[in-house]
Amino acid sequence: MPYQEEFLLRAYRSMRTIREFEERCIAEFMGGNVPGFVHASNGQEAIAVAACIDLSDSDIIGSTHRGHGHCIAKGCDIGGMMKEIMGRSTGLCKGKGGSMHIADIDKGMLGANAIVGGGPPLVNGAALASKTLGTKNVALSFNGDGSANQGTAMEAMNMAVVLQLPHVFIYENNGYAEGTAANYGLGCDSLTDRNAGFGMPAECVDGNDFFATYEAIKVATKRARDGGGPTSIEAKCVRFDGHFIGDPQLYRGKDEVKNARKNQDCLKIFRDRVIKEGWLKTAAMDAIDKEIKVEIEQAVADGLAAPHPDPVTDLMSDVYCSY
Amino acid sequence: MTNNSNNAQVAGKTSIKTYRDAINDAIREEMRRDPTVIVLGEEVSGGAGCDGEDDAYGGVFGVTKGLMPEFGRERVIDTPISEAAIIGAAAGAANNGLRPIAELMFFDFIGVSFDQIFNQAAKFRYMFGGKSKTPMVIRGTVGGGWRAGAQHSSMLHSIVTHIAGLKVVMPSNAYDAKGLMVQAIRDDDPVIFLEHKVMYDNECEVPDEQYAIPFGEAAFPRQGKDVTIVAISNMVTHAIAAADILAEEGISCDVIDPRTVSPMDDEAILESVEVTGRLVVVDEGNPRCGLASDIAGIVAEKGFHSLRAPIRTVTAPHTPVPFAPELEDAYLPNVDKVLAAVREVLGA
């Protein structure tokens, strides 16, 4: 068996937690318990988990506006996340960030980012710190297909190559840059080919396949940690929900999402594979499913019961450092 | 006959229009009139290259919906997510015979494209000795109230107002939005057109015909003699509400909406303060080096001898925009804060 049972169960648990968390976020948003703009990552769980499962808290990730899954995969507390997304003072960012700006520096999660292309230059910085300080930490940026067309992303890729930074650029290509086809916004046929043009190894994987994605990122992460510089990994995946929760998604084809949920669900694909190979038993995964339902239920209950920020004391705090 | 925001009588056929539809009207009619007017930005139509419906968004708040079906993708251009390239293309096209309307979606995205705005487009006319013209409009949605957090809720109008060469327009109602957009499109300089995201469904009577509102002419939504309240964009809504409450107490407020903050109608403000001797400025932006302090500075310098009380500003605090509803509500100026400031300058 090429994978330890413990590893497989941990991967499955993390993916299922993201799925359950996101679907519950959608329900809570629709129920009025989550304010603002929320972008759910259900459907894309395998990439987040494949990328983060071997990382330590001192390895760094930078995320996107669709960042809940990356947080969970990196080990952020789901209770603290739910409170943050609900805008409560005991949330990960004291209710000041919200879904689009959620971060947990202690876990090496530099932040979701509401500016498309905002992340990769910052993750270069984390990688530069690692290289300069000799910590051997790696830095991974999650990027959408749309952000690949931002100058910031291209500048960051070039600089990462020039400085040989330990940075793995992960492009989650879910086929849509918001409500525009990913291949409309990309001038060439292949994002991976274009990224290779910056002078780094670039690979395209099936992001619905946890194992394929994991193996590719593992190689890239090792290369970065060993001083071999950056890599680009494009992982093709499916976004089950809209660009944002509530997006009517008129631009998507009829039955597209229904078919994707049926045939391209990374969790189903994972389960089918591990059962077929005889690596895990159905009952073990079903048991995890049940546990996670309870955990998410608890996170929502705790979130709803959590205190709201104080408009007098909390509004003006944390703008600058205190002396 | 109907009332516009300027309390003047408007002749001709009018309709009740939202702020959103008024802007759409202005752009549509200008595109019909002038084939050099184009629209470009992220999902100004939406659904490009997709299997589902075309024109799926019409801009993130639906302002440009319906333009692509009428004018085609040649003139209503969905771009990649590349703000610097969008603004640069608009500026370069404006130098070369087009009148582009570029959309930045959330104006917070100005950060990605700022060089193309302030080092390039803004400076061409002056830097090239008056031989270059850059007739472009940059649209963006500003302001809080949507619980959209720090990176989708900024105002940032003071930053662009600071830059010589840019004109900055901030309509507070549908009537002004239409007339100012028409002027923005016809104008031969780069115009920053800032739409407040909580105002898109606000309605008022809007003439069906095209009309241009000149830049630098304030509107006077309420007239009075006791206190001058200068407000812009969505803050005008609060200023009017406060003035109406105070009117019942026998306090008359002169509410001034500059409508464009670059150029700005300084004279209207100074003339009003000459009568009232008291000034409150309401601005949703951050307080430091902001529009409110700019207006206060103009009045302190040129209208000092008219003042009978210290000037008061009502602004956001000097913080990023918070996410949690309680914090965002505390962050934003509101009617109560305007009332308190007016009472303070009256010594009440």
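Every chain is numbered from 1, with letters handed out A, B, ... down the list of sequences.
At a 4.5 Å heavy-atom cutoff, the contact between Ile85(A) and chain B is made by backbone atoms alone.
Note on Cys50(B), Gly47(B), Gly49(B): by heavy-atom pairs under 4.5 Å with chain A, the leading option is Cys50(B). For chain A, the option among Gly52(B), Pro325(B), Pro80(B) with the highest count of heavy-atom pairs below 4.5 Å is Gly52(B). Options Leu250(A), Val319(A), Val312(A), Val38(A) differ in how many heavy-atom pairs under 4.5 Å they form with chain B, and the most are formed by Leu250(A). By number of non-hydrogen pairs under 4.5 angstrom with chain B, the leading residue of Pro309(A), Gly185(A), Gly146(A) is Pro309(A). When each of Ala150(B), Ala85(B), Gly46(B), Ala84(B) is checked for heavy-atom pairs under 4.5 Å with chain A, Ala150(B) comes out on top.
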Between chain A and chain B, identify all donor-acceptor pairs below 3.5 angstrom, including backbone and side-chain atoms.
from: Gly95(A); atom 1: O; to: Ala324(B); atom 2: N; distance (Å): 3.0
from: Lys96(A); atom 1: O; to: Phe323(B); atom 2: N; distance (Å): 3.2
from: His101(A); atom 1: NE2; to: Gln151(B); atom 2: N; distance (Å): 3.2
from: His101(A); atom 1: NE2; to: Gln151(B); atom 2: OE1; distance (Å): 3.4
from: Ala114(A); atom 1: N; to: Gln151(B); atom 2: OE1; distance (Å): 2.7
from: Asn149(A); atom 1: O; to: Ser82(B); atom 2: OG; distance (Å): 2.6
from: Gln150(A); atom 1: NE2; to: Glu83(B); atom 2: OE1; distance (Å): 2.4
from: Gly179(A); atom 1: N; to: Glu43(B); atom 2: OE2; distance (Å): 2.5
from: Gly179(A); atom 1: O; to: Gly47(B); atom 2: N; distance (Å): 2.8
from: Thr180(A); atom 1: N; to: Glu43(B); atom 2: OE2; distance (Å): 3.0
from: Thr180(A); atom 1: OG1; to: Glu43(B); atom 2: OE2; distance (Å): 2.9
from: Ala181(A); atom 1: N; to: Ala48(B); atom 2: O; distance (Å): 2.9
from: Tyr184(A); atom 1: OH; to: Asp78(B); atom 2: O; distance (Å): 2.5
from: Asp247(A); atom 1: OD1; to: Tyr57(B); atom 2: OH; distance (Å): 3.4
from: Asp247(A); atom 1: OD2; to: Tyr57(B); atom 2: OH; distance (Å): 2.8
from: Leu250(A); atom 1: O; to: Glu53(B); atom 2: N; distance (Å): 2.7
from: Tyr251(A); atom 1: O; to: Gly52(B); atom 2: N; distance (Å): 2.7
from: His308(A); atom 1: ND1; to: Glu326(B); atom 2: OE2; distance (Å): 2.6

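The two residues Leu327(B) and Leu315(A) come nearest to each other via the heavy atoms O-CD1, 3.7 Å. Annotation for Ala330(B) and Pro311(A): closest pair CB-CB, 3.6 Å, computed over non-hydrogen atoms. Considering every non-hydrogen atom in both Met100(A) and Ala148(B), the closest pair reads CE-O, 3.2 Å.
The number of heavy atoms from other shown groups lying within 6.0 Å of CE (Met154(A)) is above 12.
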